[in-house]
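In what follows, a structure is listed as structure tokens, so that the remarks can point back to it.
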Amino acid sequence: MSQAPTARKTIETLLQEHRHFQPPASFAAQANARDPSIYERADQDHEAWWASWAEKLHWDRKWDQVLHWDLPFARWFVGGKLNASVQCLDRHVQAGLGTRVAFHWEGEPGDARTLTYAHMLEGACRVANGLRALGIRKGDRVTLYMPMVPELAMAMHGCARIGAIFSVVFAGFSATSLKDRIQDQQARLVLCADGCWRRGKLLDLKTVVDEAVAECPSVERVVVWRRGAGAATASRKQARDLEWSAAFDHQPATCAPESMDAEDPLYILYTSGTTGKPKGILHTTGGYLTAAYATSNLVFDLKPETDVFWCTADIGWVTGHSYVVFGPMANGVTQVMYEGAPNHPNPDRFWELVARHKVSIFYTAPTAIRAFMKWGDEWPAKHDLSSLRLLGTVGEPINPEAWVWYLHHIGRERCPIVDTWWQTETGSILITPLPGITRTLPGSATRPFPGVGAALVDEQGNEVQGAGGGYLVLTRPWPSMLRGIWGDNERYHKTYWSRFPGRYFAGDGCKRDEEGNYWLLGRVDDVMNVAGHRLSTMEIESALVDHPAVAEAAVVGVPHDLKGQTPVGFVLLRAGHQPTPTLAQDLIEHVAKLIGGLARPERVIFAAELPKTRSGKIMRRLLRDVAEGKALGDTTTLADPKVVEELKQMYEEKES
Ligand code: ATP
Ligand code: MG
């Protein structure tokens with residue numbers, strides 16, 4: 001009989017990171033989460049843990065059962081009734097906090113508005129009444145195609161108030177992408193803005209909507225909010241169009257909320273499309289709000305009386321849903337909302353806003369942090385950032401060097417950093433430090449949030465014990481988990497529950513160190529096979545970003561005759577560095593020194609930009625297509641199609 005094959009490592013992990021940071025004592029002393037025993041408590045009875053958070057919300061009727069789990073279908077707070085907009089608006093106004101600022105809003109041209117919780121409640125009620133007047137009922141779908149303006153948050157709460165299922169489409173998507181999403185949902189109504197400002201230009205959103213809706217017979221009406229502030233767009237009024245002011249402004253400022261079942265749908269939201277065609281993720285009401293509320297409270301340590309929270313994510317992504325519109329508002333905190341680009345008119349626009357509004361908690365993405373690094377240290381240095389007390393990051397693995405840059409140049413060594421891992425599907429943060437408890441390490445999201453069950457498994461689904469690398473799976477249901485893919489139960493089952501039966505497959509590679517910290521290693525699809533070794537592209541990228549000349553890197557495995565695959569690095573330099581053959585060689589050696597010859601890139605290509613999704617994530621699958629000379633896969637979620645075309649040309653010139 002032949003011997004069993006020696007176990008092949010699912011992912012080998014080579015990059016070592018030993019820096020670590022304790023929560024500052026003054027932070028730990030005041031933190032919402034101070035007692036490390038909450039992990040144990042939540043673990044012993046996760047239903048009781050989540051129920052203790054649900055109890056902090058306002059329920060019209062309490063649930064009969066915390067969790068009904070019929071794998072892969074979860075129902076949380078079964079029999080409970082509540083309304084999402086009530087948690088985020090009425091509760092605060094009724095508690096006498098109507099005059100608290102909900103949003104300090106700033107438009108890109110510099111126009112500003114201040115909206116209190118009372119304003120937001122009134123606005124949401126007018127929208128809700130207006131929607132009812134237009135015949136929209138509980139369960140109808142409403143598509144929102146709007147920029148970062150308070151009216152978008154009002155519209156979401158307005159829909160939630162009457163039980164209409166809303167779906168926000170990022171207002172940078174093309175007419176085709178918008179059309180696909182409207183058709184997928186069979187929306188009856190579209191709420192849009194006529195335009196928005198981006199890098200000094202007024203983008204014409206209404207023309208995009210007109211083009212999309214022309215092929216969407218389900219849409220009865222389009223309600224248009226006027227951005228104003230200068231120019232008007234070229235779009236023409238269509239027969240089905242209604243002005244926002246006519247549809248909503250004259251409606252009554254109060255509206256009785258629909259009492260929703262905990263499991264009634266709240267929204268549909270499409271994933272970013274980093275790995276392929278976006279999936280329409282369905283979220284429901286009670287569990288989602290509970291987890292968004294709890295994680296906002298503990299991970300961001302919100303103190304609603306004093307904090308000013310700024311999550312820079314667009315509301316068009318899940319981060320903006322859970323950590324602008326629902327989690328922070330359920331906590332009643334004051335927020336900053338900004339319409340435009342971070343580098344308009346100068347690369348210090350964010351820091352100027354932080355200083356002016358005394359932002360205390362700042363949450364952004366690695367792509368933004370790497371852009372700040374690229375633009376130069378002098379921009380944040382010009383501003384008083386002493387109001388900041390906590391920083392966060394989400395969206396991609398953060399390269400340790402970017403983490404340390406963030407701590408030094410933005411956090412000024414004073415602010416803890418929470419690196420939060422989660423997905424559109426998970427609805428809320430699942431792997432994260434708790435800033436008053438957790439010892440953080442640059443590049444690690446540390447450990448599962450209390451009550452969350454995570455594990456690593458190998459190809460065969462065997463659980464990896466202790467330190468090691470593998471595929472991240474979730475082992476227990478959690479309240480804000482997706483309830484399905486809109487209209488596609490089969491894809492739901494296939495994508496998340498078939499690879500490792502009984503467990504949720506996240507699609508991300510991950511390693512765990514001896515202390516139990518989780519280090520996300522990027523997509524399973526981005527793992528490459530070099531001479532029989534399974535390497536994470538992310539670790540090689542982090543080794544490149546560790547070099548002082550590099551701001552950002554994307555590594556892909558390209559076919560190789562002998563080794564099977566070999567790494568090739570696409571690199572963006574920091575301001576002040578020139579692309580030369582000597583530097584390229586330097587970078588190759590730097591990787592070999594940090595993680596070993598196995599990971600040595602075959603080539604380094606200096607790029608002006610990397611192909612990214614509209615949410616700012618690097619799309620390695622397209623770089624792989626370029627390197628393999630294949631036709632490009634789905635490019636509809638690409639932020640700028642020119643970037644990949646240019647890289648393709650560069651790559652092919654160098655090849656010949
Ligand atoms: P698609 O599913 O359509 O390919 P997407 O996965 O990029 O798109 P999102 O739901 O926006 O869509 O992103 C979730 C993914 O982002 C995670 O699966 C993970 O790969 C990555 N991610 C998010 N936060 C972190 C983090 N803190 N560390 C590492 N990776 C992260
Ligand atoms: Mg995904």
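Each ligand, and each atom within it, is numbered from 1 in the order the structure gives.
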Main-chain N/O of P442 paired to R19 side chain as donor or acceptor, under 3.5 Å: no
Side-chain donor or acceptor of D458 paired with backbone N/O of G461 under 3.5 Å: yes
Ligand 1-proximal atoms of [X], by part, heavy-atom distance under 4.0 Å:
X	value
V318	neither
T275	both
P397	both
T274	both
W422	backbone

To which of [options] does the heavy atom nearest [atom] belong?
atom	options	answer
atom 20 (O) of ligand 1	I398, T426, D508, V418	D508
atom 6 (O) of ligand 1	K279, R523, E425	R523
atom 15 (C) of ligand 1	M538, E396, K617	K617

Check: Y145 ring centre within less than 6.0 Å of F170 ring centre: no
F166 ring center near H157 ring center (under 6.0 Å): no
Sub-3.5 Å N/O-N/O distance, T393 and ligand 1: no
R483 charged N/C atom sitting above F73 aromatic ring, 6.0 Å / 45°: no
Contact with ligand 1 for G507, non-hydrogen, under 4.0 angstrom: no
Ligand 1 contact by S615, heavy-atom criterion under 4.0 angstrom: no
Nearest-neighbour protein heavy atom for atom 24 (N) of ligand 1, which is reported as residue plus atom name and distance: G395 N, 3.0 Å
Under a 3.5 Å cutoff, is there a donor and acceptor pairing between the side chains of [X] and [Y]?
X	Y	result
T432	T420	no
K612	T367	yes
E401	S542	no

Element-labelled atoms of ligand 1 that are located less than 4.0 Å from some non-hydrogen atom of V394: 24 (N)
